[in-house]
Amino acid sequence: MDYEDIGLMAGIEIHQQLDTKEKLFCRCPTKLRDVSEKNGEFKRYLRATESEMGEIDRAAKEEMKKQDRIYTYYEYDTTCLVENDEEPPAPMNPEAVELALTMAKMMDMSPVGQVHVMRKLVIDGSNTSGFQRTSLVALNGRIPCIPGGAGIESICLEEEAAQRVEGDLFSLDRLGIPLAEITTAPDMKTPEQVKEVAAYIGMLLRSTGRVKRGIGTIRQDVNISIRGGARVEIKGVQDLNLIDEVVRREILRQQNLLFIRDELIKREASVSDEIFDVTELFKDTGSAILKKAKSILAVRLLGFNGLVGKEIQPGRRLGSEMSDYAKKCGVGGLFHTDELPAYGVSEEEVIKLRGFTNANPGDCVILVADTKKRAQCAIGQILMRAEMAFSGVPEETRKMLEEGSTSYMRPLPGAARMYPETDVLPVDITDEYWEELRIPELITEKEKRFAEEMGLDPALAKNIAYSVRRPLFEIAVSKGVKPNLAARTLYSTLRELKRDGVDTVSLSDADILEIMLAVEAEKAAKEAVPDLLRAVSKGDSVASAIEKIAPSVSEEELSEVVSAVINERIDFVKEQGMRALGPLMGVVMKEMRGRVDGKVISEALKNELKKVL
Amino acid sequence: MDYEDIGLMAGIEIHQQLDTKEKLFCRCPTKLRDVSEKNGEFKRYLRATESEMGEIDRAAKEEMKKQDRIYTYYEYDTTCLVENDEEPPAPMNPEAVELALTMAKMMDMSPVGQVHVMRKLVIDGSNTSGFQRTSLVALNGRIPCIPGGAGIESICLEEEAAQRVEGDLFSLDRLGIPLAEITTAPDMKTPEQVKEVAAYIGMLLRSTGRVKRGIGTIRQDVNISIRGGARVEIKGVQDLNLIDEVVRREILRQQNLLFIRDELIKREASVSDEIFDVTELFKDTGSAILKKAKSILAVRLLGFNGLVGKEIQPGRRLGSEMSDYAKKCGVGGLFHTDELPAYGVSEEEVIKLRGFTNANPGDCVILVADTKKRAQCAIGQILMRAEMAFSGVPEETRKMLEEGSTSYMRPLPGAARMYPETDVLPVDITDEYWEELRIPELITEKEKRFAEEMGLDPALAKNIAYSVRRPLFEIAVSKGVKPNLAARTLYSTLRELKRDGVDTVSLSDADILEIMLAVEAEKAAKEAVPDLLRAVSKGDSVASAIEKIAPSVSEEELSEVVSAVINERIDFVKEQGMRALGPLMGVVMKEMRGRVDGKVISEALKNELKKVL
Amino acid sequence: METGERVLCKYAGTQLKGTYITERNGKAVIKLDSGYNIGVLHSTLEVIPKEKPAAPSPKKIEQNEKLPKLSIISTGGTIASKIDYRTGAVTSQFEADDILRAIPGLKDIAHFNAHVPATILSENMTPAIWKTLARTIFDEINSGTEGIIVTHGTDTMAYSAAAVSFMVQTPVPIIFAGSQRSADRPSSDNVMNGMCSAAAALSDLGEVAVVMHATTNDDYCAVHRGTRVRKMHTSRRDAFKSMNIKPLGIVDYPSLDVKLEDSVVRRGENKAALFDNLEENVGLLYFYPGMKPEVISAFSGYKGLVIAGTGLGHTSSACIGAVRDLTKAGTVVVMTSQCLNGRVCDRVYDTGRDLLDAGIIEGEDMLPEVAFVKLMWVLGQEKDTEKVKALMKTDLRGETGRCTPHGL
Amino acid sequence: METGERVLCKYAGTQLKGTYITERNGKAVIKLDSGYNIGVLHSTLEVIPKEKPAAPSPKKIEQNEKLPKLSIISTGGTIASKIDYRTGAVTSQFEADDILRAIPGLKDIAHFNAHVPATILSENMTPAIWKTLARTIFDEINSGTEGIIVTHGTDTMAYSAAAVSFMVQTPVPIIFAGSQRSADRPSSDNVMNGMCSAAAALSDLGEVAVVMHATTNDDYCAVHRGTRVRKMHTSRRDAFKSMNIKPLGIVDYPSLDVKLEDSVVRRGENKAALFDNLEENVGLLYFYPGMKPEVISAFSGYKGLVIAGTGLGHTSSACIGAVRDLTKAGTVVVMTSQCLNGRVCDRVYDTGRDLLDAGIIEGEDMLPEVAFVKLMWVLGQEKDTEKVKALMKTDLRGETGRCTPHGL
């Protein structure tokens, strides 16, 4: 596809959790807990409020359609009254500000003179306050990863939302973890560029060594539009490998919506706002959903026949879009005549329906079944979305589905959902402060340096450069651990141990470092490292693990063992001469079980063999 | 029996609950609640403390033998932190002080110059504080009811204890109700005199019209000694009719104990303090109690054979006394060889027991079965009581049993259990205050006055004088209700209604008075009184009851009814003449259903008859 | 530049459109069209002429005249707070009518009459404003309202509720309500507190009460007697607690069912009466170990002083002389306890007896703050010292009980 | 007549024998042989010569030297109270040894060393006595005790526990214990509190704590951190409550099992150290509506002042000038909240920001009383104002937390 031809414009937003000691607006740790560790809970309602400008945000209004939802929040020993929205926030965490500004500097941005914390209305329950605190910290940078580079519009420092456990139940441990939101300009011209930029920014953030790692700690949103279409924001692309596919499918969706638009205009289609109560029609239906519904309402989309059922993206039809809108009222979905008879609705019932509603063959009839109140709300949403079809692509926030298609979430939020967080004082960013911020080496540069200067195998260099343990690698090397030992231990050995079921997460950096230093100090053989790590992971101290597994061996002891091994095999030795060295190495190594370095054993064997021969 | 000959000396203590508005040391009402109305409970331990003189009271010490008993208290909407022993007491209720002093004045006593509130140690759980607050308010009076009169030693104003629900569970509603304790001199020389004095004092107290009535509101303790015996206090004689029998039985008990003493001395009996563990002996016994006991201990009372089982009072033996002492340790009782074999213990086991303990035929062996700790404690108590048998009658506080016999409670308390209640300021009784106290008329005087001055039938006069409703009677009469109507209504009518199941308790004095006044004002016939009371007891207002049952009848209406009745029976009337009055009365009365007084009807009938005849 | 003016910000190589908000620490605060506020140097700004948007004019609230009549009397507070652009902080500048906008459900349960006798942060409450407030309430009662809601900042709400309790004898409920989390957030407690207050104001109650969240959940409000309530947390929704008595009742949310205890004063039990005289020359003093007697003497010339003593109502022996000097000079000194719960009793310990001897009045089980307000009021009604003493120990508005209930 | 003399009272026609106790309101108080006290005219009394009984001499308590060593340091208080015959009230005149007599169980769990640095009613506690107390405790720690029990009147126990928390850095438990119901009654809480304190003093704790009844039942004691505890009821057994944190643990009764929270400082974590300097010229002021600025100015010349403000930490705007004058003149002013629970935050409202501008220090989630004691102590250690401010906001002895826990 010629992306230039269709006028593709794409940009991304990257949300990265920061690995600070404390949260952004309270002093709780940025630790996640298991739901089973909750030690309290509470329940609250949320309501949209007017902004300082006197408006209610359209996205918030949409959420309010589901009235009087009561949200439940789980509390932990690591959460406090700030997460509970029961105490004013503490001043912004300076560590997080410093980290966000460091990122900004890495992307050649300009800091704002004074950082103001804003409240961004979010009333889906994921924020106990009903808003997310966010602040714009820097503007207008550029990164060099694609031809011509990509503009970075802004970096915001935000608080992470509460984790949804299920339905309207949230876990407070995640709420308030600092989050850097990096927004690029819509500079990407192909799906592949989107992926490249996302990957580059990810690398850049990890280069700080101070971001969270693991599932859910980084999330990409993609902004896409094509000529004639509209800006659509797709939320929550967690898997980088899908990001180009998401872009491709959105292009497809927008193209199909534009096709439908043109077709509707050609057909002189229209939307009838006449609502039919067809509950009686289905009182003996074979559809379980319709049969149990208290109220079934129908509307006609005149001239829509066949278009509502048209696929616009794999697994998605115009009908799916309408259904998404309808669900905001709490209904389960809708039926439309493009897909009927089906789902237990008979041919005969469809005919009766079309008759009752006076529908022409070119019309599509839509059904919604629920309580009267909800069904009425849903019909309104459906009519609204049907009207939108005449202008093609609506501006929307959408949610990625499993394979890369998307569903509607809410309208694009406007500026009205932002208003000042009055409980937090602004932070002045002085020139001196900005000047003194140190830019960390990029992982890509490290990778090169590890290979070229430290002589690591390029693959290992890359692996260790991108590894979570990379900061430890650099510390270890700076303390005298040989790069190869450090890299193999921290990347390969830990990986293998993990594969074997060892709880490597519980190994502290300090312990791993101590083990590597012991090897360098020849207090343990490098062959003993896996066993030592294994022991320490089970709760041993490093010292006691060394004592048990690799007690320092005196030269005397070693030479005794070597002598014994040679004497037992003296005929073989006499026969083979110095060639016996290789085979005997294995025997002695096994005997010493990693307590002595291979090189030392080899030396001792050589000496002893020389004596004997 | 010649009581003078045996040197009987008896005195009584009367405990009378006062019907004050509030309690003695807090402002809670003096109302009792049903246990089911409790709205809270708490649990506490109590421990004997030293008095201001540095001693622990012997009675308290005895209670302490049951170590670490935890007491449970029920709270009510009518109890407060003072009953809970969680707040200092309020100043002494002046209403109670005034009432106690009035009683004192009625008995010709002298008030103390300054009333000091004392704490009397009571650690059986019936007082949350571990003491009962009591104060000596007046001294040395005399009442004239027996030949020579009876001396009144003192009147104390105390707080009532908590009501025991069961075991160690108490109800706080009763705690703190004011209690007058009247102690006579030991001036009574016969059982009958005891009864007379008790009755007289009861009458005197009720003459105030301000004491509680009903079961448990008045309790008599009796102090008895005979020559050679000892002072014994018998607690809780609630039924006045039993009091003389109690005295007689105590005389019998003391005589028998003296007999046993003499017999023991004659036999040169003694108490062996050697304790035998005989648990093994009874491991296959037929006695369930012994079989399940963890420890069975035995002691020998040398030369006691036959005396331990000797009846000293109906249903009581020396063994019962020992058993009472033993129970203080928490054991269920004891076995002694005077009563064995029995209770599942076989002849053979008794022989083995005597053999094992080296007991001679003249000895008595006592067994206690329980935990080792409790059994040891009990054996100590038994030996102590056995030793006491050599001096005859111990000074004791005893509890009345159902028929008038008594059981041991605790040693007579000494002065050491009294120490000052420092949280309550002393109350000065000035001469002016004392002078101004008005003495109420005695019930006996009232009885006379009601009969002589008001012309009531002597029996009715007595009944109404002693009745709970007597104050209302006097008020009613003072307001113009005829004494006979008032007395019959308040005594006979209410009694009958109660017998018929009417809830007469719910009838307020004000309502009854209003009904009687309505009769006097001829708004209702006196015949209607029972029906009116019945209606009001069911919740009707007096006015509406009169409206429904006895609407005022106009003369016109009455004369119409009378005319009608006569005309219907005109032949009969003509025949009988004025003799028809009687039979016609009944007819008209029935017609008017109590709405018109009989006399009025009679008058109207007479007039009408005269006219007709 | 004026708040609301459209500006172009040339900064960091871009041109950003926005709206000028205010100046803060020497920087210009602008709201970008993205919604974010940032602080920039004034020199980066250019005014865009004629683009100033009209402030949206809020629609007039339509009320249903058929519903029962309630009065909302606003004194300020976060139940009706708005942002102060000068400091960026929240201040109370709404008019009472705005409460109906903030709590739309209100207009479905009653027809409201609104008065704004004051718009203050509640820490600035004064006896003078209490008088105005009391008069406004009294006038509303006389005009036939079914009940009164006083919106009030939470800081001194308990003091004001006590003051109104004494100043206004009322046949209808007078409900104080506020919010601990300001009205400008979706999670604000103002909606639930406001709705529950209205339900309480229509209920059978005949007392002055505070109606606020009973728990941290949005589940029900407690109805606290105005003379027995205290703010017991700086920031939680359930900060208000009844002290020494159980709450008068609860209002369930969202059902708005009102459950009252049997013991409450009922609607219509009392006639309306106004007693708005207050002696303002009254102090409240918190004793602490090592307090110098001069701290007490600083109140000489005052008509009344409430001491929050330790435990059962004590000061150090060293301070008793200063207390005696005050009482001798005619200051009425009332002893309360900093324990807040329980009853003062100065008969138990030496120091207490000495204080009684020095002329203090035991404040029974009154909260120090309530005793303070009551003393102002009693001294405003009565000059005779013995009568003042008697009144201080007498229960007038449920502020003290003859017995201290168990189990709170 | 002397207390204890035998007398014959001729009154009301009888002759009553008794013992002379004291004089009260012009009357002679005698204890009759029946045990009752009565007040009579002196003229009714005759002394009976030579019948004066010897006061019973209490037996010496035998201690088991093999048990662990604990120290009892007595300052007075009702855990060891006796009757004062002068006023008839309870005073604290016992020596520490008497506590072993009052609580016989103690001698079975430890071997006690006793000191009596003061015998006062606790409302008379002063910074000077705190110094003596701290030194006595420090000396005991150095002499190798396993733990310390400080018996103390309950009125100011929380203040003293806070003071000792700051003054003594301790490797062993320092347990404050007292009783709300005096030792002279069978229902006294002294036995359970004393036994539980001893168990706590032998536990793994390494902090200063208050150990008192947790409920009105005799079921268990709570272990409260010395810098987080407050007396919250005048008279109940369970008057002491941990504020803003959960108790450090509980001691079950009668099993004496000690359960401590994971977060407590453990025995031996800290080395013993004494910091017994206190700046005594520090005040504590409770703000109230309508407060005149002069009340604040009365503290001019003070080195430090803690204000218990309303809500999140406010005074009226009218008082801010007086606060500014104090801070300008060098008084360190710390803001706390009379809400007692929750955290001060002066960044939210105008008044708070103005107070910050006037130089106050936010007292975080410290209790006003604890902030007061801490300020005395900090000013005793450090003269530099900036360092004083920093120390006041830093958690030194668990008196403040970085986060306010939910669910208390």
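Remember, it's a predicted structure, so these values are computed and weren't measured experimentally. So that the names make sense, note that chain A is the first sequence line, chain B the second, and so on, each numbered from 1. Below, each value reflects all heavy atoms present in this structure, side chains not excepted, and no hydrogens, waters or symmetry copies.
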Below 4.5 Å, heavy-atom pairs only: which of [options] has the largest tally toward chain C?
options: D:S317, D:A298, D:S235; result: D:S317
options: D:G342, D:G352, D:A128, D:C339; result: D:C339
options: D:M157, D:Q338, D:M291; result: D:Q338

Short N-O contact, [X] and [Y], less than 4.0 angstrom:
X: C:K231; Y: C:D155; answer: yes
X: C:K131; Y: C:E280; answer: yes
X: D:D189; Y: D:R236; answer: no
X: D:R343; Y: D:E362; answer: no

Relative to chain D, which of [options] shows the most heavy atom pairs under 4.5 Å?
options: C:A163, C:P289, C:C345, C:G290; result: C:P289
options: C:E294, C:M376, C:K292, C:K241; result: C:K292
options: C:T156, C:T351, C:T315, C:T126; result: C:T351

Under 4.5 Å from a heavy atom of chain C, the part of D:V295 involved: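 Contact with chain C involves the side chain of D:V295 alone.
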
Any luck finding a side-chain donor-acceptor pair between C:E123 and D:S316 under 3.5 Å?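 No donor-acceptor contact under 3.5 Å links the two side chains.
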
Return yes if a side-chain donor-acceptor contact under 3.5 Å exists between D:T216 and D:D238, otherwise no.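 Short answer, no.
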
Please state whether the side chain, the backbone, both or neither of [X] comes within less than 4.5 Å of a heavy atom of chain D.
X: C:F299; result: side chain
X: C:N281; result: both
X: C:Y159; result: side chain
X: C:F240; result: neither
X: C:E369; result: side chain

Where does the angle between the aromatic ring planes of C:F176 and C:H152 fall among parallel (under 30°), tilted (30 to 60°) and perpendicular (over 60°)?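 Ring orientation of C:F176 relative to C:H152: tilted.
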
Intermediate values then yes/no, side chain to side chain contact (heavy atoms under 4.5 Å, CB included), D:L305 and D:L326: CA-CA 9 Å; D:L305 176 65; D:L326 280 185; 3.6 Å; yes

